[in-house]
Number of protein chains: 2
Amino acid sequence: MDMIERVRRFNRAVTTRTGTLNESYLDRGRSFGQARVLFEIGPSGMDVRTLRERLSLDSGYCSRMLKALEKQGLVKVRQSAADRRRREASLTAKGRAEWSAYDRLSDDLARSMLAPLTEQQRTRLIDAMATVETLIAAGSVTFTAEAPDSADARFCIEAYFAELAERFEEGFDVALSNASGDPGMAPPGGTFLVARLAGRPVACGGVKTVGPRTGEIKRMWVARDARGLGIARRLLDALETEARALGMTRVVLDTNRALTEAHAMYRKAGYHETERFNDNPYAHLWFAKDFA
Amino acid sequence: MDMIERVRRFNRAVTTRTGTLNESYLDRGRSFGQARVLFEIGPSGMDVRTLRERLSLDSGYCSRMLKALEKQGLVKVRQSAADRRRREASLTAKGRAEWSAYDRLSDDLARSMLAPLTEQQRTRLIDAMATVETLIAAGSVTFTAEAPDSADARFCIEAYFAELAERFEEGFDVALSNASGDPGMAPPGGTFLVARLAGRPVACGGVKTVGPRTGEIKRMWVARDARGLGIARRLLDALETEARALGMTRVVLDTNRALTEAHAMYRKAGYHETERFNDNPYAHLWFAKDFA
DNA sequence: GAATATCTCTGACTAAAGTCAGATAATGGA
DNA sequence: TCCATTATCTGACTTTAGTCAGAGATATTC
């Protein structure tokens, strides 16, 4: 059986098993739409805008469902203090009880999948599930080119700096690093990529022109909880593709001695160590790669 | 994280990924219900009764959807030759083209899950998927007590005899074995269990009274393609539970020397070899287990 | 051959899901 | 202050999904 067929079989098997969950939602005497809204609001509440976006609902449709839930005494909707156009939905005590009931259905499904198995089978199943989940996550990471001062890009860069400060023996001060170059990481001379997992930014990296047909790769970072998915490698590939598209034939980069896992990756990706090409006080190693 | 939470995370991850498939179905300009019917009919056609059962549709609802598909020139419904009350639906050339288009969507989803991964990751994913699929299948096997002459029970017993004939060095002839006992495997003195996987019978086994507070386990069989799921062990457990419920304190069984994997399982389940207790010409080993 | 059961269809419903065009009120700049 | 934008709501729809009670034709059983 080829891989495609295997994946299809898997999809079929899993969706038929988990499909029963959706049906059990209806047993609580509420339409699926309303159950979804109630469950999404959650015990900590949510503003209506976010709710609509998460469930991709029409505003009128959503408004009506909230009203219905309010009439059932499950939900309370009130004006937001910060922005009085907005409204915030939260669960009443009765609503939280219903939420728990829906939550329990997911637990029950999970339990029913494990119950008939032996302890050994359970462990095997859990391990395999973790692997599938991880690799599905890895596969759904998207890369987008955007301005290095976009909200998500800045979030990544901040996290990157924070991590450097933590990992460098000598600490890290943005002002001392040659950090002026962010604007260069935008068209026409460069580019900046943000990787997202389920909408959340989890990695970034940029390339900017530093000489004739030469680019420098900077700000490469992957969020701690997104490591081990091969994102760094794909990001590096993507940056090289961007560099080529910008007419570059050579890319260089510098790195700190503390970032050992990065050194290994650069070498494996075809980079070779080269002489110091900048005066970054935090850099101990300099790498370069020439495109064929 | 505990097991329940891990399973829930897995379910969430997989359903959000595969949920896109259902949405993409709608892109072909047909309601989900109609798409489902069209796809289920399949290139080889199907009679309306079966179709309705598979998709659990109301007969009127189904009839209308078929009519709509017929009007679109995708489906042809005609009277069955065998039973003129029945009708049979089949796809037209245009219908087969649409079917392929839907089929391709599943392929595309599978491909898009694999595409971003490295070869090594793909192999890991496929392996983990196979494990999950197998163990989910194992978990969804159901055991039901039924008459040993029910259709599915007979199917299992035939398959069992066929396999014995194949595996015994000396061949197997039902008439020579002490096969008269099937009626005993029903209440009040015994019971017969059929295991099903997705509706299909995949295993069977029975217990009947052979002496005071003593039962004999017979006809234990697991379909070849359902082995390795721990069904045999669970079936044996279930039969012992039935035996206890029937007031038995001891169960015995006989087996042929060729069925080595069975011997191992009986020993592991607490059975010990005992003296010959019957004149079954095909038996070489006799086992017994006393309940605590 | 009559009674009963089965298979499918039609008509008449209801509920849920989803869309679209304003109306209303608040916010954030120019 | 005015004007464009944003967030939500209301009313008026359509489509999809699903149910139920017969009717008509055919098959099965006694």
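Quick note on labels: first sequence line is chain A, next is B, and so on, each numbered from 1. These numbers were taken from a predicted model, which means no experiment stands behind them.
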Q. Parallel under 30°, tilted from 30 to 60°, perpendicular over 60°: which one fits the rings of F32(B) and Y25(B)?
A.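 The rings of F32(B) and Y25(B) sit tilted, inter-plane angle from 30° to 60°.
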Determine: side-chain N/O of [X] to OP1/OP2 of [N], distance under 4.0 Å, yes or no.
X      : N       : value
R86(B) : dT8(C)  : no
S31(B) : dA17(D) : yes
R84(A) : dT27(C) : yes

In whole angstrom, what separates [X]'s [atom1] from [N]'s [atom2]?
X      : N       : atom1 : atom2 : result
L66(A) : dC9(D)  : CG    : P     : 7 Å
Q34(A) : dA15(C) : CD    : C1'   : 11 Å
R49(B) : dA5(C)  : CZ    : C1'   : 12 Å
D47(B) : dA27(D) : CG    : C1'   : 15 Å
R78(A) : dA25(C) : CZ    : P     : 22 Å
Q79(B) : dT8(C)  : CD    : P     : 11 Å
L26(B) : dT15(D) : CG    : P     : 15 Å
M65(A) : dG18(C) : CE    : P     : 8 Å

Q) Side chains of D83(A) and S80(A): is there a donor and an acceptor less than 3.5 Å apart? A)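 Per modelled atom types, D83(A) and S80(A) side chains form no pair under 3.5 Å.
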Q | Q34(A) versus Q72(A), side-chain donor and acceptor atoms under 3.5 Å | A |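 Looking only at side-chain atoms, Q34(A) and Q72(A) do form a donor-acceptor pair, the distance falling under 3.5 Å.
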Q: Please figure out whether V48(B) or S56(A) has its closest DNA chain C nucleotide nearer the 5' end.
A: V48(B)
Please pick, from [options], the nucleotide with the shortest atom-to-atom distance to any side-chain atom of [X].
X      : options                  : result
Y61(A) : dA17(C), dC9(D), dT27(C) : dA17(C)
S63(B) : dC9(D), dT10(C), dA7(D)  : dT10(C)
F32(A) : dA17(C), dT8(C), dA17(D) : dA17(C)

(Q) Would the base of dT8(C) count as contacting R85(B) through its side chain, where contact means a donor and an acceptor less than 3.5 Å apart? (A)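 Such a pair does not exist between side chain and base.
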Q. Counting only distance, no hydrogens or angles, is the base of dG18(C) paired donor-acceptor with the side chain of R64(A) under 3.5 Å?
A.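 For R64(A), whose side chain was compared with the base of dG18(C), there is no donor-acceptor pair (under 3.5 Å).
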Q) With respect to Y102(B), which candidate in R36(B), R28(B), R30(B) satisfies the side-chain hydrogen bond (donor to acceptor under 3.5 Å, both in side chains) definition? A)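 By the side-chain hydrogen bond (donor to acceptor under 3.5 Å, both in side chains) criterion, Y102(B) pairs with just one of R36(B), R28(B), R30(B): R30(B).
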(Q) Mind checking if G33(A) touches a base, just sugar-phosphate, or nothing, with heavy atoms under 4.0 Å? (A)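 Touches sugar-phosphate only.
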Q) Which part of the nucleic acid does D58(B) contact within heavy-atom distance under 4.0 Å: base, sugar-phosphate only, or nothing? A)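 Result for D58(B) = base.
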Q: Compare every heavy atom of P148(A) with every heavy atom of I157(A), then report the nearest pair and how far apart it is.
A: CD1-O, 3.8 Å
